[in-house]
Number of protein chains: 2
Amino acid sequence: MNISDIAKLAGVSTSTVSRYFNNGYISAEKKAIIKKIVEETGYQPSTYAQTLRTKQTRLIGVIIPKLNSETVSKMVGGINQILSEEDYLLLLGDTENDEREELKFLQVFNQNQVDGIILIGTIFTAKHKKLIKDSKVPLVLLGQTLPGVSSVYHDNYNAAKQMTRHLIKTGKVFAMITATEEDKAAGLDRKNGFLDALREAEIDPDKIHFGEARFSIDSAREVCQALFTKNPEIDTLFCATDNMAIGAYQYLASIGKSIPEQVQLCGVGNSTIANVPYPAISSVGFPYEESGQLAAELLLDALSEGDKVNKEIKIGYEMALKDSTR
Amino acid sequence: MNISDIAKLAGVSTSTVSRYFNNGYISAEKKAIIKKIVEETGYQPSTYAQTLRTKQTRLIGVIIPKLNSETVSKMVGGINQILSEEDYLLLLGDTENDEREELKFLQVFNQNQVDGIILIGTIFTAKHKKLIKDSKVPLVLLGQTLPGVSSVYHDNYNAAKQMTRHLIKTGKVFAMITATEEDKAAGLDRKNGFLDALREAEIDPDKIHFGEARFSIDSAREVCQALFTKNPEIDTLFCATDNMAIGAYQYLASIGKSIPEQVQLCGVGNSTIANVPYPAISSVGFPYEESGQLAAELLLDALSEGDKVNKEIKIGYEMALKDSTR
DNA sequence: AAATTATATGAAATCGATTCCAGGAAGTAT
DNA sequence: ATACTTCCTGGAATCGATTTCATATAATTT
């Protein structure tokens, strides 16, 4: 069933049927008959033929580092709210934290598949930067920044700094479980915020310890064990993510450290899982859903105006102090 | 840059260029020159023109109830492992547990967009059943069954029954936080397994209590409070999902019930979050990643053979007893 | 040597829509 | 009455690939 069949059945030309679907000039009379035929046959225009002609896919590629992540799902939720209103469909590319997959999706999406791309990125290599800048379709970065590219990102530096200022009030010996510095947002910025707050308070560098973990509960548990085995005097632990804080919590609970009395503990993300342990874990996070919405709006702007001006939107933090900090 | 441009540059016809890409008859000589031109120009055939001609999209629609769910992400991971090998891309439709969204995606995917559909469904209304059966493209159900449709589903009934048999050894007064029975897998089957195990052991029906919660921690916490306020003598609580078990744990911890001494507690799903509380929560789950793989393979079969024989694969359960049960 | 088969190529039709163009009818301004 | 718009319509070109068909040459059988 194609447009010619409908045209024949309705006794009009294909042009007229096309106009019926695209709000072109059409008489009430023909409109009625085409409507009737379309309803009877359940005809739907082929999106592929439309795309071939119009170059519009009505598909937006969203590249995400991980499906099962609360922050990611909130961001995607926000993106979807805005884009589904405009009849866009999301083509999700899940990389499971594999940067090569990220490159693959960037290429595949760019070739032919989508009208625009939102990249919830993590690590940017030179290849990433090249592909991002060379993107033929509008691209918005979410959660990271890159000069010359539109982005919505989070003020990780000040979030970590502010949280650390709070920890300093009662802390003596500090430690941080960090993420890889290749991840600027979750790794570098949070570490720098932590460090700068401590410098500001003129904390003795000998009383600051670091361990780097991967983005998993298990990895953080092991790193926490190493940290405390070497430095049992740590009384304040800042974790770069809530998941890491859970890993740390598990280790600390297992060796009988009381939280927050002996060790105070916090994470980043304001995620649900931070509320599962008892005591609930203090965290600082961002309005991720809103970030997603903003990114989607930025993309829509770029799509309609085709404008080459790129905007960078920085999102402020939200503190959520609970009982794991003093 | 299209196929004619390449043909001109290479001094051949478009047919020959097309054959170059589709392993048709082509001389080594022309192959070499086309290869050179393609590499120089970075030309990639338009997937939309290809689809228009071949009716193959190389896209598989996967409809999921929720992005941020461990079971879902494991299943999607399994699906993706198999399908990406065959150069399929996943078009994810996230319904956020809204059944109308499910219908929408079923329609959109069916129109033109995808070669096949995997539906990780929840509630099936009459409309769902109609759309599923009328699907123009092969469709595989994952996590639920429907007569006459290919599916990979989990033996929720026996999983719940087996777990309950374990609880019976030390339990006296039983309760279950259930999911809506409209969700056959998570709601009805698990409830029936629980009930039948208790009947088998000839437990006094007066010592069995029920509360129904939505799929969220908060909802389960409230339901748990209601249950225990009315029946403080409950000493064994079966939750239909791990998330619900977390909610129950939070309430029980807040009123100072000791787990598992005063109340033993378990969930379903074998998810990471069940290991976060102390004590870790016993659970019974399924090899979700493998289920996803199987569903993908079923779909590939249907895609290649175009065979109308539908298979139903039942997946067995895996018990994970931890310290929240006696 | 003749017949058959496999390999190689280009022209043209095709997939299913949109859109440009030309032309007709109807309404309005001059 | 004439000149302009505005509205409405169908024919034909077009988007960018694949595929059928016709044809030619090379390789293999008989």
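Chain naming here is simple, since letters A, B, ... match the order of the sequence lines and numbering starts at 1 in each.
Looking at Gln44(A) and Gln107(B), their side chains never bring a donor and an acceptor atom within 3.5 Å of each other. Asn110(B) and Ser135(B) share a donor-acceptor pair across their side chains, judged by distance under 3.5 Å alone. Checking Gln81(B) against Gln293(B) by side-chain atom types alone, a donor-acceptor pair falls below 3.5 Å. Judged purely by distance below 3.5 Å, without hydrogens or angles, the side chains of Ser18(A) and Ser15(A) never pair a donor atom with an acceptor atom.
If you check distances only, the side chain of Ser15(B) does reach the base of dA11(C) with a donor-acceptor pair under 3.5 Å.
Protein atom CD of Gln56(A) is 14 Å distant from nucleotide atom C1' of dA17(C), rounded to whole Å. Here the P atom of nucleotide dT18(C) and the OH atom of Tyr48(A) are 16 Å apart, to the nearest Å. Atom C1' of nucleotide dA13(C) and atom CG of Leu52(B) are separated by 13 Å, given to the nearest angstrom. As rounded to whole Å, 11 Å separates atom P of dT9(C) from atom CD1 of Ile33(B).
Phosphate contact (OP1/OP2 of dT7(C), side-chain N/O of Ser27(B), threshold under 4.0 Å): absent. OP1 or OP2 of dA8(C) has not a single side-chain nitrogen or oxygen of Tyr25(B) nearer than 4.0 Å.
When heavy atoms are screened at a 4.0 angstrom cut-off, Tyr20(B) is found touching no nucleic acid atom at all. The residue Val17(B) sits apart from the nucleic acid: no heavy atom pair falls under 4.0 Å. Within the 4.0 angstrom heavy-atom criterion, only backbone atoms of the sugar-phosphate kind lie near Thr54(B); the bases stay farther away.
Both Ile26(A) and Asn22(B) sit near DNA chain D, but only Ile26(A) has its closest nucleotide nearer the 5' end.
You can see that DNA chain D meets the heavy atoms of chain B within a 4.0 Å-exclusive cut from dG16(D) to dT20(D), reading 5' to 3'.
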For a quick check, with a 4.0 angstrom heavy-atom cut-off, what is the B/S/- contact string for nucleotides 21-28 of chain C, read 5' to 3'?
--------
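Atoms CG and CZ, on Asn97(A) and Arg214(A) in that order, are 11.0 Å from each other to the nearest 0.5 Å. Distance CD/Glu99(A) to CD1/Ile123(A): 5.0 Å, rounded to 0.5 Å.
For Phe21(A) and Tyr43(A), the gap between ring centers is short of 6.0 Å.
A salt bridge does not link Lys55(B) to Asp115(B): none of the charged side-chain nitrogens sits closer than 4.0 Å to a carboxylate oxygen.
A 6.0 Å sphere centred on NZ of Lys36(A) holds no more than 12 heavy atoms belonging to other residues, nucleotides or ligands.
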